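For clarity, every value in this text was computed on a predicted model and none was experimentally measured.
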Amino acid sequence: MPYFLFCFSLATYSSCLWPRLPGLLELSMIWACAAGGVLVVARQPLKKLISHAGPLRKVDTPDRTDDSGKGADPEKMAGFRVLSVCLIAIAVGVTCATLWGNDRLVGTLPATLDKTDYVLVGVVRGLPSRGERATRFLFDIESLQLPPGKGVAPAVPPRRVLLNWYGGETLVPGQRWQLTARLRSPRSFANPGGFDYRAWLLSRGIDATGYVRAGSPPGQMAPAPGYRLDRWRHEVGAAIDRITDVPGTGRRFLRALAIGDGRSLSEADRERLRATGLSHLMVVSGLHIGMIAGAGMLVGAGIGRALVAVGAVATHRSVAAIVSWMLALTYALLAGLSLPTQRALIMLSVFLLAVLMQRKTRPAVALIWALALQAVVDPLAALSPGFWLSYGAVAAFIWYFSPRPRRSTGLALLEAQLLIFVLLAGALGYFYGRIPLVSVVVNLLAIPWLSFLILPLALLGVFILPLSAGAAEWCWHAAGTQLQWFQSLLTQAGEISRSWSWQLVTDQPLLLAVALTLAGGLLLAPRGLGLRGLGLLLLLAVLLMEVPPRSGLRVAVLDVGQGLAVVIEANDRTLVYDTGAKFSERFNAGEGIVAPTQEASL
(Lines give C-alpha, C1' and ligand atoms only; values in the text may rest on other atoms or scores of the structure.)
Protein backbone atom coordinates (compact mmCIF):
# COMPACT_ATOMS: atom_id res chain seq x y z
CA MET A 1 0.00 0.00 0.00
CA PRO A 2 2.76 2.60 0.71
CA TYR A 3 4.15 2.02 -2.79
CA PHE A 4 0.73 2.63 -4.30
CA LEU A 5 0.09 5.78 -2.25
CA PHE A 6 3.51 7.24 -2.94
CA CYS A 7 3.37 6.68 -6.71
CA PHE A 8 -0.24 7.88 -6.79
CA SER A 9 0.80 11.10 -5.04
CA LEU A 10 3.72 11.71 -7.39
CA ALA A 11 1.56 11.16 -10.45
CA THR A 12 -1.22 13.42 -9.17
CA TYR A 13 1.07 16.26 -8.10
CA SER A 14 2.90 16.05 -11.41
CA SER A 15 -0.15 17.80 -12.89
CA CYS A 16 1.43 21.04 -11.67
CA LEU A 17 3.93 20.65 -14.51
CA TRP A 18 1.54 19.62 -17.28
CA PRO A 19 1.14 22.12 -20.11
CA ARG A 20 -2.37 20.76 -20.70
CA LEU A 21 -4.67 18.01 -19.50
CA PRO A 22 -4.21 14.64 -21.23
CA GLY A 23 -6.90 13.53 -23.62
CA LEU A 24 -8.58 10.18 -23.97
CA LEU A 25 -5.76 8.84 -26.19
CA GLU A 26 -3.03 9.71 -23.68
CA LEU A 27 -5.01 8.23 -20.79
CA SER A 28 -5.61 5.06 -22.80
CA MET A 29 -1.87 4.70 -23.45
CA ILE A 30 -1.08 5.17 -19.75
CA TRP A 31 -3.62 2.55 -18.75
CA ALA A 32 -2.31 0.21 -21.45
CA CYS A 33 1.18 0.43 -19.93
CA ALA A 34 -0.25 -0.24 -16.48
CA ALA A 35 -2.20 -3.23 -17.79
CA GLY A 36 0.96 -4.56 -19.39
CA GLY A 37 2.70 -4.45 -16.02
CA VAL A 38 -0.16 -6.36 -14.42
CA LEU A 39 0.01 -9.01 -17.15
CA VAL A 40 3.68 -9.57 -16.41
CA VAL A 41 2.75 -10.62 -12.89
CA ALA A 42 -0.36 -12.48 -14.04
CA ARG A 43 1.81 -14.75 -16.21
CA GLN A 44 3.37 -16.23 -13.08
CA PRO A 45 1.65 -19.36 -11.76
CA LEU A 46 -1.06 -18.58 -9.23
CA LYS A 47 0.58 -20.94 -6.72
CA LYS A 48 3.73 -18.79 -6.73
CA LEU A 49 1.80 -15.57 -6.19
CA ILE A 50 -0.04 -17.05 -3.20
CA SER A 51 3.04 -18.62 -1.62
CA HIS A 52 5.07 -15.42 -1.93
CA ALA A 53 2.35 -12.90 -1.20
CA GLY A 54 4.06 -11.72 1.98
CA PRO A 55 6.35 -8.69 2.27
CA LEU A 56 9.73 -8.56 0.62
CA ARG A 57 12.17 -10.59 2.73
CA LYS A 58 15.00 -13.06 2.57
CA VAL A 59 13.88 -16.65 2.06
CA ASP A 60 15.96 -19.36 3.73
CA THR A 61 14.43 -22.22 1.75
CA PRO A 62 17.16 -23.60 -0.49
CA ASP A 63 14.67 -24.92 -3.04
CA ARG A 64 13.68 -22.03 -5.36
CA THR A 65 12.13 -24.16 -8.09
CA ASP A 66 8.53 -25.00 -8.74
CA ASP A 67 7.15 -28.39 -9.74
CA SER A 68 8.12 -27.83 -13.36
CA GLY A 69 11.73 -27.18 -12.41
CA LYS A 70 11.74 -23.60 -13.57
CA GLY A 71 13.37 -20.98 -11.34
CA ALA A 72 10.98 -18.93 -9.21
CA ASP A 73 12.86 -16.22 -7.30
CA PRO A 74 10.48 -14.78 -4.70
CA GLU A 75 12.45 -11.53 -4.53
CA LYS A 76 12.14 -11.07 -8.29
CA MET A 77 8.42 -11.82 -8.09
CA ALA A 78 8.03 -9.29 -5.28
CA GLY A 79 9.79 -6.75 -7.48
CA PHE A 80 7.34 -7.50 -10.29
CA ARG A 81 4.44 -6.97 -7.90
CA VAL A 82 5.83 -3.64 -6.72
CA LEU A 83 6.38 -2.53 -10.32
CA SER A 84 2.85 -3.44 -11.34
CA VAL A 85 1.40 -1.69 -8.29
CA CYS A 86 3.40 1.45 -9.10
CA LEU A 87 2.23 1.43 -12.71
CA ILE A 88 -1.40 1.11 -11.66
CA ALA A 89 -0.93 3.88 -9.07
CA ILE A 90 0.54 6.20 -11.71
CA ALA A 91 -2.39 5.51 -14.03
CA VAL A 92 -4.90 6.13 -11.23
CA GLY A 93 -3.09 9.33 -10.19
CA VAL A 94 -3.00 10.77 -13.69
CA THR A 95 -6.66 9.91 -14.18
CA CYS A 96 -7.62 11.47 -10.84
CA ALA A 97 -5.76 14.71 -11.64
CA THR A 98 -7.33 14.82 -15.10
CA LEU A 99 -10.86 14.39 -13.74
CA TRP A 100 -10.22 17.06 -11.10
CA GLY A 101 -8.85 19.45 -13.72
CA ASN A 102 -11.72 18.90 -16.13
CA ASP A 103 -14.23 19.50 -13.34
CA ARG A 104 -12.54 22.79 -12.44
CA LEU A 105 -12.18 23.94 -16.04
CA VAL A 106 -15.70 23.13 -17.20
CA GLY A 107 -17.15 26.38 -15.85
CA THR A 108 -14.18 28.64 -16.59
CA LEU A 109 -15.15 31.69 -18.63
CA PRO A 110 -13.68 31.28 -22.15
CA ALA A 111 -11.17 33.84 -23.37
CA THR A 112 -13.51 34.64 -26.28
CA LEU A 113 -16.05 36.00 -23.77
CA ASP A 114 -13.52 38.08 -21.86
CA LYS A 115 -14.74 41.52 -20.69
CA THR A 116 -18.41 40.64 -21.19
CA ASP A 117 -21.20 42.10 -19.03
CA TYR A 118 -23.65 39.73 -17.34
CA VAL A 119 -26.54 40.04 -14.90
CA LEU A 120 -25.68 37.74 -12.01
CA VAL A 121 -27.84 36.43 -9.20
CA GLY A 122 -25.87 34.80 -6.45
CA VAL A 123 -24.68 34.68 -2.86
CA VAL A 124 -21.74 36.32 -1.10
CA ARG A 125 -19.35 33.64 0.10
CA GLY A 126 -16.47 33.78 2.56
CA LEU A 127 -15.27 36.97 4.23
CA PRO A 128 -15.43 40.09 2.01
CA SER A 129 -12.25 42.17 2.11
CA ARG A 130 -12.88 45.92 2.21
CA GLY A 131 -10.03 48.08 0.93
CA GLU A 132 -9.57 51.77 0.39
CA ARG A 133 -11.28 51.79 -3.00
CA ALA A 134 -13.23 48.56 -3.32
CA THR A 135 -14.63 45.51 -1.57
CA ARG A 136 -13.34 42.19 -2.86
CA PHE A 137 -15.56 39.14 -2.40
CA LEU A 138 -16.40 35.68 -3.67
CA PHE A 139 -19.77 35.30 -5.37
CA ASP A 140 -21.50 31.94 -5.85
CA ILE A 141 -23.59 32.29 -9.02
CA GLU A 142 -27.13 30.91 -8.99
CA SER A 143 -28.18 32.30 -12.38
CA LEU A 144 -26.51 34.23 -15.20
CA GLN A 145 -28.26 36.28 -17.87
CA LEU A 146 -27.21 38.61 -20.63
CA PRO A 147 -28.21 42.26 -20.57
CA PRO A 148 -30.91 42.94 -23.20
CA GLY A 149 -29.45 42.70 -26.70
CA LYS A 150 -25.83 42.25 -25.62
CA GLY A 151 -23.17 39.57 -25.77
CA VAL A 152 -23.14 35.79 -25.95
CA ALA A 153 -23.90 33.53 -23.00
CA PRO A 154 -21.26 30.91 -22.09
CA ALA A 155 -22.18 27.30 -22.81
CA VAL A 156 -21.47 26.40 -19.16
CA PRO A 157 -21.96 29.37 -16.83
CA PRO A 158 -19.31 30.10 -14.17
CA ARG A 159 -20.07 28.72 -10.73
CA ARG A 160 -17.96 31.03 -8.58
CA VAL A 161 -16.38 34.39 -9.41
CA LEU A 162 -14.11 36.84 -7.61
CA LEU A 163 -15.49 40.38 -7.84
CA ASN A 164 -14.47 43.90 -6.89
CA TRP A 165 -17.17 46.38 -5.94
CA TYR A 166 -15.89 49.94 -6.09
CA GLY A 167 -17.65 52.15 -3.57
CA GLY A 168 -20.26 49.47 -3.00
CA GLU A 169 -22.38 48.32 -0.11
CA THR A 170 -21.17 46.69 3.07
CA LEU A 171 -21.39 42.99 2.31
CA VAL A 172 -22.19 40.15 4.70
CA PRO A 173 -21.71 36.44 3.93
CA GLY A 174 -24.93 34.74 2.88
CA GLN A 175 -26.47 37.86 1.29
CA ARG A 176 -28.12 37.26 -2.09
CA TRP A 177 -27.65 39.99 -4.68
CA GLN A 178 -28.55 40.70 -8.27
CA LEU A 179 -25.58 42.46 -9.85
CA THR A 180 -24.43 43.54 -13.28
CA ALA A 181 -20.76 42.62 -13.53
CA ARG A 182 -18.10 42.63 -16.19
CA LEU A 183 -16.36 39.26 -16.10
CA ARG A 184 -12.87 38.36 -17.24
CA SER A 185 -11.47 34.92 -17.93
CA PRO A 186 -8.78 33.78 -15.45
CA ARG A 187 -5.30 34.88 -16.46
CA SER A 188 -1.86 35.35 -15.03
CA PHE A 189 1.29 37.31 -15.79
CA ALA A 190 3.38 35.57 -18.43
CA ASN A 191 6.72 35.78 -16.59
CA PRO A 192 8.81 32.62 -16.05
CA GLY A 193 9.11 31.77 -12.39
CA GLY A 194 6.51 34.31 -11.30
CA PHE A 195 3.39 33.75 -9.23
CA ASP A 196 0.81 31.75 -11.20
CA TYR A 197 -2.37 33.65 -10.43
CA ARG A 198 -4.42 31.54 -12.83
CA ALA A 199 -3.42 28.33 -11.04
CA TRP A 200 -4.27 29.99 -7.73
CA LEU A 201 -7.77 30.80 -9.01
CA LEU A 202 -8.16 27.29 -10.40
CA SER A 203 -7.20 25.61 -7.12
CA ARG A 204 -9.87 27.65 -5.31
CA GLY A 205 -12.59 26.88 -7.84
CA ILE A 206 -12.85 30.46 -9.15
CA ASP A 207 -14.10 30.46 -12.74
CA ALA A 208 -13.77 34.18 -13.53
CA THR A 209 -12.83 37.54 -12.07
CA GLY A 210 -14.43 40.93 -12.62
CA TYR A 211 -16.04 43.95 -11.08
CA VAL A 212 -19.55 45.23 -10.40
CA ARG A 213 -20.72 47.73 -13.02
CA ALA A 214 -21.85 51.09 -11.71
CA GLY A 215 -24.42 51.69 -14.46
CA SER A 216 -27.10 49.25 -13.31
CA PRO A 217 -28.31 49.53 -9.70
CA PRO A 218 -27.77 46.32 -7.72
CA GLY A 219 -30.63 44.71 -5.86
CA GLN A 220 -30.45 42.84 -2.58
CA MET A 221 -32.69 39.79 -2.38
CA ALA A 222 -33.77 37.38 0.34
CA PRO A 223 -30.83 35.84 2.25
CA ALA A 224 -29.69 32.43 1.13
CA PRO A 225 -30.06 29.41 3.42
CA GLY A 226 -26.85 27.90 4.70
CA TYR A 227 -23.54 29.76 4.81
CA ARG A 228 -23.71 29.54 8.60
CA LEU A 229 -19.98 29.03 8.96
CA ASP A 230 -19.20 32.14 6.90
CA ARG A 231 -21.74 34.14 8.91
CA TRP A 232 -20.19 32.92 12.16
CA ARG A 233 -16.71 33.93 11.02
CA HIS A 234 -18.02 37.32 9.96
CA GLU A 235 -19.68 37.88 13.34
CA VAL A 236 -16.50 36.95 15.19
CA GLY A 237 -14.44 39.28 13.00
CA ALA A 238 -16.89 42.14 13.51
CA ALA A 239 -16.83 41.59 17.29
CA ILE A 240 -13.02 41.71 17.26
CA ASP A 241 -13.07 44.95 15.26
CA ARG A 242 -15.32 46.52 17.89
CA ILE A 243 -12.62 46.24 20.57
CA THR A 244 -11.55 49.88 20.56
CA ASP A 245 -9.05 49.78 23.43
CA VAL A 246 -6.70 47.41 21.55
CA PRO A 247 -4.50 49.05 18.89
CA GLY A 248 -5.05 48.20 15.26
CA THR A 249 -2.03 45.91 15.01
CA GLY A 250 -3.30 43.75 17.86
CA ARG A 251 -6.72 43.45 16.23
CA ARG A 252 -5.20 42.54 12.86
CA PHE A 253 -3.10 39.77 14.40
CA LEU A 254 -6.07 38.62 16.48
CA ARG A 255 -8.26 38.24 13.38
CA ALA A 256 -5.49 36.25 11.71
CA LEU A 257 -5.24 33.85 14.65
CA ALA A 258 -8.92 33.54 15.57
CA ILE A 259 -10.59 33.20 12.16
CA GLY A 260 -7.65 32.78 9.79
CA ASP A 261 -8.24 36.16 8.14
CA GLY A 262 -4.73 37.39 7.38
CA ARG A 263 -5.86 39.77 4.64
CA SER A 264 -6.05 42.61 7.13
CA LEU A 265 -2.31 42.37 7.83
CA SER A 266 -0.44 45.27 6.29
CA GLU A 267 2.49 44.80 3.96
CA ALA A 268 4.78 46.08 6.72
CA ASP A 269 3.43 43.38 9.05
CA ARG A 270 4.08 40.70 6.45
CA GLU A 271 7.60 41.95 5.76
CA ARG A 272 8.50 41.88 9.46
CA LEU A 273 7.10 38.35 9.78
CA ARG A 274 9.14 37.18 6.77
CA ALA A 275 12.30 38.88 8.03
CA THR A 276 12.10 37.09 11.39
CA GLY A 277 10.88 33.71 10.12
CA LEU A 278 7.54 34.00 11.94
CA SER A 279 5.16 34.02 8.97
CA HIS A 280 3.90 30.55 9.95
CA LEU A 281 2.65 31.91 13.28
CA MET A 282 0.19 34.37 11.75
CA VAL A 283 -1.26 31.92 9.21
CA VAL A 284 -3.43 29.18 10.67
CA SER A 285 -1.49 26.06 9.69
CA GLY A 286 -0.19 22.80 11.06
CA LEU A 287 1.37 24.45 14.08
CA HIS A 288 -1.93 25.91 15.27
CA ILE A 289 -3.95 22.80 14.43
CA GLY A 290 -1.38 20.73 16.32
CA MET A 291 -1.66 23.00 19.36
CA ILE A 292 -5.44 22.66 19.45
CA ALA A 293 -5.23 18.91 18.83
CA GLY A 294 -2.77 18.54 21.70
CA ALA A 295 -5.05 20.45 24.04
CA GLY A 296 -7.94 18.28 22.85
CA MET A 297 -5.97 15.13 23.63
CA LEU A 298 -5.40 16.30 27.21
CA VAL A 299 -9.06 17.27 27.72
CA GLY A 300 -10.31 14.13 26.00
CA ALA A 301 -8.04 11.87 28.07
CA GLY A 302 -9.51 13.35 31.25
CA ILE A 303 -13.06 12.87 29.95
CA GLY A 304 -12.22 9.35 28.84
CA ARG A 305 -10.84 8.34 32.23
CA ALA A 306 -13.97 9.72 33.90
CA LEU A 307 -16.17 7.70 31.53
CA VAL A 308 -14.17 4.54 32.14
CA ALA A 309 -14.50 5.10 35.89
CA VAL A 310 -18.31 5.08 35.64
CA GLY A 311 -18.32 1.92 33.55
CA ALA A 312 -18.53 3.26 29.98
CA VAL A 313 -17.38 0.92 27.22
CA ALA A 314 -14.61 3.13 25.88
CA THR A 315 -10.91 3.69 26.31
CA HIS A 316 -9.49 7.01 27.34
CA ARG A 317 -7.27 6.97 24.24
CA SER A 318 -10.22 6.69 21.85
CA VAL A 319 -12.14 9.45 23.64
CA ALA A 320 -9.03 11.64 23.58
CA ALA A 321 -8.63 11.06 19.83
CA ILE A 322 -12.28 11.95 19.11
CA VAL A 323 -12.19 15.14 21.22
CA SER A 324 -8.87 16.14 19.67
CA TRP A 325 -10.19 15.66 16.14
CA MET A 326 -13.43 17.55 16.84
CA LEU A 327 -11.57 20.55 18.27
CA ALA A 328 -9.10 20.56 15.39
CA LEU A 329 -11.94 20.34 12.84
CA THR A 330 -13.80 23.22 14.53
CA TYR A 331 -10.72 25.42 14.43
CA ALA A 332 -10.00 24.48 10.81
CA LEU A 333 -13.57 25.40 9.83
CA LEU A 334 -13.31 28.63 11.79
CA ALA A 335 -10.14 29.45 9.85
CA GLY A 336 -11.99 28.96 6.56
CA LEU A 337 -10.55 25.51 5.82
CA SER A 338 -7.71 27.06 3.86
CA LEU A 339 -5.08 24.91 2.15
CA PRO A 340 -2.66 24.96 5.14
CA THR A 341 -5.44 23.89 7.50
CA GLN A 342 -6.55 21.20 5.05
CA ARG A 343 -3.04 19.74 5.00
CA ALA A 344 -2.79 19.79 8.78
CA LEU A 345 -6.27 18.33 9.28
CA ILE A 346 -5.62 15.51 6.82
CA MET A 347 -2.35 14.55 8.52
CA LEU A 348 -3.95 14.73 11.95
CA SER A 349 -6.94 12.64 10.81
CA VAL A 350 -4.65 9.88 9.58
CA PHE A 351 -2.75 9.71 12.87
CA LEU A 352 -5.91 9.83 15.02
CA LEU A 353 -7.67 7.22 12.88
CA ALA A 354 -4.81 4.84 13.64
CA VAL A 355 -5.34 5.53 17.36
CA LEU A 356 -9.08 4.82 17.08
CA MET A 357 -8.44 1.59 15.18
CA GLN A 358 -5.85 0.62 17.80
CA ARG A 359 -3.25 0.08 15.14
CA LYS A 360 0.36 1.04 15.44
CA THR A 361 1.00 2.91 12.22
CA ARG A 362 4.47 4.01 11.30
CA PRO A 363 4.67 7.82 11.09
CA ALA A 364 6.15 7.64 7.59
CA VAL A 365 3.17 5.60 6.34
CA ALA A 366 0.76 8.09 7.92
CA LEU A 367 2.60 10.93 6.15
CA ILE A 368 2.25 9.14 2.80
CA TRP A 369 -1.47 8.66 3.45
CA ALA A 370 -1.77 12.39 4.13
CA LEU A 371 0.06 13.19 0.90
CA ALA A 372 -2.28 10.94 -1.08
CA LEU A 373 -5.45 12.35 0.47
CA GLN A 374 -4.21 15.91 -0.12
CA ALA A 375 -3.59 14.95 -3.75
CA VAL A 376 -7.22 13.88 -4.10
CA VAL A 377 -8.48 17.13 -2.57
CA ASP A 378 -6.20 19.49 -4.52
CA PRO A 379 -3.58 18.25 -7.02
CA LEU A 380 -2.28 21.82 -7.42
CA ALA A 381 -1.38 22.12 -3.73
CA ALA A 382 2.25 21.45 -4.64
CA LEU A 383 2.43 24.91 -6.25
CA SER A 384 2.32 26.50 -2.79
CA PRO A 385 5.59 27.00 -0.85
CA GLY A 386 3.65 26.10 2.29
CA PHE A 387 3.08 22.61 0.89
CA TRP A 388 6.80 21.89 0.73
CA LEU A 389 7.58 23.60 4.02
CA SER A 390 4.80 21.89 6.02
CA TYR A 391 5.30 18.38 4.66
CA GLY A 392 9.06 18.90 4.75
CA ALA A 393 8.87 19.86 8.42
CA VAL A 394 6.82 16.77 9.30
CA ALA A 395 9.15 14.53 7.30
CA ALA A 396 12.15 16.06 9.09
CA PHE A 397 10.56 15.41 12.49
CA ILE A 398 9.82 11.80 11.57
CA TRP A 399 13.32 11.21 10.21
CA TYR A 400 15.08 12.72 13.22
CA PHE A 401 12.91 11.92 16.24
CA SER A 402 11.47 8.47 15.39
CA PRO A 403 14.64 6.42 16.02
CA ARG A 404 15.67 8.48 19.06
CA PRO A 405 14.48 8.21 22.68
CA ARG A 406 12.16 10.85 24.06
CA ARG A 407 13.74 13.99 25.49
CA SER A 408 12.54 16.59 27.94
CA THR A 409 10.07 19.16 26.58
CA GLY A 410 12.53 22.05 26.62
CA LEU A 411 15.30 20.08 24.94
CA ALA A 412 12.86 18.67 22.36
CA LEU A 413 11.66 22.19 21.50
CA LEU A 414 15.23 23.40 21.04
CA GLU A 415 16.10 20.39 18.90
CA ALA A 416 12.96 20.89 16.80
CA GLN A 417 13.82 24.52 16.07
CA LEU A 418 17.41 23.70 15.14
CA LEU A 419 16.21 20.78 13.02
CA ILE A 420 13.73 22.89 11.06
CA PHE A 421 16.28 25.66 10.57
CA VAL A 422 19.00 23.32 9.32
CA LEU A 423 16.89 21.08 7.07
CA LEU A 424 14.50 23.71 5.67
CA ALA A 425 17.06 26.46 5.14
CA GLY A 426 17.42 25.41 1.52
CA ALA A 427 13.67 25.53 0.90
CA LEU A 428 13.36 28.93 2.61
CA GLY A 429 16.20 30.28 0.49
CA TYR A 430 14.68 28.90 -2.70
CA PHE A 431 11.18 30.28 -2.13
CA TYR A 432 11.98 33.58 -0.41
CA GLY A 433 15.55 34.37 -1.48
CA ARG A 434 16.94 34.76 2.05
CA ILE A 435 17.36 32.88 5.31
CA PRO A 436 16.68 34.78 8.57
CA LEU A 437 19.45 33.69 10.93
CA VAL A 438 17.63 35.00 14.00
CA SER A 439 14.57 32.82 13.38
CA VAL A 440 15.73 30.06 15.75
CA VAL A 441 15.99 32.37 18.75
CA VAL A 442 12.81 34.30 17.90
CA ASN A 443 10.78 31.11 17.40
CA LEU A 444 11.97 29.70 20.72
CA LEU A 445 10.34 32.68 22.42
CA ALA A 446 7.35 33.22 20.12
CA ILE A 447 6.02 29.66 19.82
CA PRO A 448 5.48 28.99 23.58
CA TRP A 449 4.14 32.51 24.05
CA LEU A 450 1.63 32.07 21.26
CA SER A 451 0.78 28.45 22.16
CA PHE A 452 0.11 28.78 25.87
CA LEU A 453 -0.94 32.39 26.38
CA ILE A 454 -2.28 34.07 23.24
CA LEU A 455 -4.01 31.38 21.17
CA PRO A 456 -6.02 29.83 24.06
CA LEU A 457 -7.40 33.27 24.97
CA ALA A 458 -8.26 34.06 21.34
CA LEU A 459 -10.16 30.80 20.84
CA LEU A 460 -11.81 30.95 24.25
CA GLY A 461 -13.28 34.30 23.22
CA VAL A 462 -14.62 32.75 20.03
CA PHE A 463 -16.37 29.87 21.79
CA ILE A 464 -17.93 31.93 24.59
CA LEU A 465 -19.08 34.77 22.31
CA PRO A 466 -22.62 33.30 21.92
CA LEU A 467 -22.89 33.06 25.72
CA SER A 468 -21.32 36.31 26.87
CA ALA A 469 -20.06 39.07 24.61
CA GLY A 470 -18.44 40.80 27.58
CA ALA A 471 -16.41 37.73 28.57
CA ALA A 472 -15.36 37.20 24.96
CA GLU A 473 -14.24 40.81 24.70
CA TRP A 474 -12.19 40.40 27.90
CA CYS A 475 -10.41 37.34 26.45
CA TRP A 476 -9.72 39.14 23.17
CA HIS A 477 -8.52 42.23 25.00
CA ALA A 478 -5.99 40.13 26.93
CA ALA A 479 -4.87 38.35 23.77
CA GLY A 480 -4.80 41.56 21.69
CA THR A 481 -2.69 43.39 24.28
CA GLN A 482 -0.14 40.58 24.20
CA LEU A 483 -0.18 40.64 20.40
CA GLN A 484 0.62 44.35 20.54
CA TRP A 485 3.64 43.51 22.70
CA PHE A 486 4.43 40.74 20.22
CA GLN A 487 4.37 43.32 17.42
CA SER A 488 6.90 45.48 19.32
CA LEU A 489 9.18 42.47 19.69
CA LEU A 490 8.67 41.73 16.01
CA THR A 491 9.75 45.24 15.04
CA GLN A 492 12.94 45.03 17.08
CA ALA A 493 13.74 41.53 15.83
CA GLY A 494 13.10 42.70 12.26
CA GLU A 495 15.70 45.45 12.64
CA ILE A 496 18.23 42.91 13.91
CA SER A 497 17.33 40.49 11.14
CA ARG A 498 18.31 43.03 8.50
CA SER A 499 21.92 42.58 9.60
CA TRP A 500 21.61 38.87 10.42
CA SER A 501 19.98 37.55 7.28
CA TRP A 502 21.64 35.43 4.61
CA GLN A 503 20.69 36.82 1.23
CA LEU A 504 21.18 34.06 -1.33
CA VAL A 505 22.91 35.33 -4.45
CA THR A 506 23.06 32.61 -7.08
CA ASP A 507 22.12 31.87 -10.65
CA GLN A 508 21.21 28.28 -9.67
CA PRO A 509 18.69 28.61 -6.79
CA LEU A 510 17.37 25.05 -7.05
CA LEU A 511 20.85 23.53 -7.00
CA LEU A 512 21.78 25.68 -4.01
CA ALA A 513 18.60 24.64 -2.15
CA VAL A 514 19.34 20.94 -2.74
CA ALA A 515 22.95 21.40 -1.60
CA LEU A 516 21.86 23.18 1.60
CA THR A 517 19.27 20.50 2.40
CA LEU A 518 21.76 17.71 1.77
CA ALA A 519 24.39 19.44 3.91
CA GLY A 520 21.86 19.81 6.74
CA GLY A 521 20.91 16.14 6.53
CA LEU A 522 24.55 15.05 6.65
CA LEU A 523 25.29 17.31 9.62
CA LEU A 524 22.39 15.75 11.54
CA ALA A 525 23.24 12.16 10.60
CA PRO A 526 24.17 9.76 13.44
CA ARG A 527 27.73 10.22 14.59
CA GLY A 528 28.64 6.60 13.91
CA LEU A 529 28.10 6.98 10.16
CA GLY A 530 30.94 9.46 9.86
CA LEU A 531 29.05 11.75 7.47
CA ARG A 532 29.12 14.98 9.45
CA GLY A 533 32.51 15.97 8.06
CA LEU A 534 31.17 15.60 4.52
CA GLY A 535 28.16 17.75 5.45
CA LEU A 536 30.43 20.44 6.89
CA LEU A 537 32.54 20.39 3.73
CA LEU A 538 29.44 20.75 1.54
CA LEU A 539 28.13 23.62 3.68
CA LEU A 540 31.50 25.36 3.44
CA ALA A 541 31.40 25.00 -0.34
CA VAL A 542 27.96 26.62 -0.42
CA LEU A 543 29.11 29.50 1.80
CA LEU A 544 32.16 30.17 -0.37
CA MET A 545 30.28 29.92 -3.65
CA GLU A 546 30.40 33.07 -5.75
CA VAL A 547 28.38 34.07 -8.77
CA PRO A 548 30.62 34.77 -11.74
CA PRO A 549 30.41 38.37 -12.94
CA ARG A 550 28.20 38.93 -15.94
CA SER A 551 29.40 40.60 -19.04
CA GLY A 552 27.67 41.79 -22.14
CA LEU A 553 24.09 42.90 -22.57
CA ARG A 554 21.05 41.32 -20.93
CA VAL A 555 17.51 42.38 -21.80
CA ALA A 556 14.41 41.11 -19.96
CA VAL A 557 10.91 41.92 -21.19
CA LEU A 558 8.32 41.48 -18.43
CA ASP A 559 4.54 41.25 -18.56
CA VAL A 560 3.16 43.83 -16.10
CA GLY A 561 -0.49 43.52 -17.04
CA GLN A 562 -1.02 46.82 -18.81
CA GLY A 563 1.85 46.78 -21.25
CA LEU A 564 5.42 45.57 -20.86
CA ALA A 565 8.37 46.51 -18.67
CA VAL A 566 11.87 46.28 -20.07
CA VAL A 567 14.95 45.74 -17.89
CA ILE A 568 18.31 46.30 -19.61
CA GLU A 569 21.53 45.27 -17.83
CA ALA A 570 25.03 45.98 -19.07
CA ASN A 571 27.93 45.19 -16.74
CA ASP A 572 27.20 47.10 -13.51
CA ARG A 573 24.44 49.34 -14.85
CA THR A 574 20.70 48.72 -15.08
CA LEU A 575 17.98 50.57 -16.96
CA VAL A 576 14.30 49.92 -16.16
CA TYR A 577 11.67 51.15 -18.61
CA ASP A 578 8.14 51.21 -17.16
CA THR A 579 7.40 49.57 -13.81
CA GLY A 580 3.72 48.85 -14.47
CA ALA A 581 0.58 49.91 -12.64
CA LYS A 582 -0.68 49.70 -9.08
CA PHE A 583 -3.52 47.18 -9.13
CA SER A 584 -4.56 47.38 -5.46
CA GLU A 585 -3.40 48.48 -2.03
CA ARG A 586 -1.41 45.26 -1.70
CA PHE A 587 -0.03 44.71 -5.16
CA ASN A 588 1.72 46.79 -7.76
CA ALA A 589 3.74 45.53 -10.70
CA GLY A 590 6.93 47.31 -9.62
CA GLU A 591 7.21 45.55 -6.26
CA GLY A 592 5.52 42.30 -7.29
CA ILE A 593 7.13 41.66 -10.70
CA VAL A 594 10.02 43.97 -11.61
CA ALA A 595 11.80 44.05 -8.23
CA PRO A 596 11.75 40.25 -7.66
CA THR A 597 13.09 39.72 -11.17
CA GLN A 598 15.93 42.10 -10.41
CA GLU A 599 16.71 40.39 -7.10
CA ALA A 600 16.72 36.99 -8.77
CA SER A 601 19.17 38.18 -11.40
CA LEU A 602 21.69 39.61 -8.92
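Heavy-atom contacts from other residues, nucleotides or ligands closer than 6.0 Å to CH2 of W200 number more than 12. Other residues, nucleotides and ligands contribute at most 12 non-hydrogen atoms within 6.0 Å of the CH2 atom of W474. When the shell of 6.0 Å around CH2 of W177 is examined, it contains more than 12 heavy atoms from other residues, nucleotides or ligands. Remark: Y430 OH is loosely packed, at most 12 non-hydrogen atoms of other residues, nucleotides or ligands lying under 6.0 Å away. Surrounding CZ of R198 are at most 12 heavy atoms belonging to other residues, nucleotides or ligands under 6.0 Å away.
Between L163 and F137, some side-chain heavy-atom pair lies under the 4.5 Å cut-off. The closest side-chain heavy-atom distance from R187 to Y197 is not below 4.5 Å. Side-chain contact check for W100 versus D378: some heavy-atom pair is nearer than 4.5 Å. The closest side-chain heavy-atom distance from L564 to D578 is not below 4.5 Å.
A salt bridge links D114 to R184: at least one charged side-chain nitrogen sits closer than 4.0 Å to a carboxylate oxygen. Residues R255 and D241 are paired through a salt bridge, judged by an N-O separation under 4.0 Å between the basic side chain and the carboxylate.
Scanning both residues, L333 and R233, for their nearest heavy atoms gives O-CD, 3.8 Å. Closest heavy-atom contact between P173 and G126: CG-O, 3.0 Å.
Aromatic ring centroids of W449 and W485 lie 6.0 Å or more apart.
The backbone N or O of W232 sits nowhere less than 3.5 Å from a side-chain atom of E235 that would complete a donor-acceptor pair.
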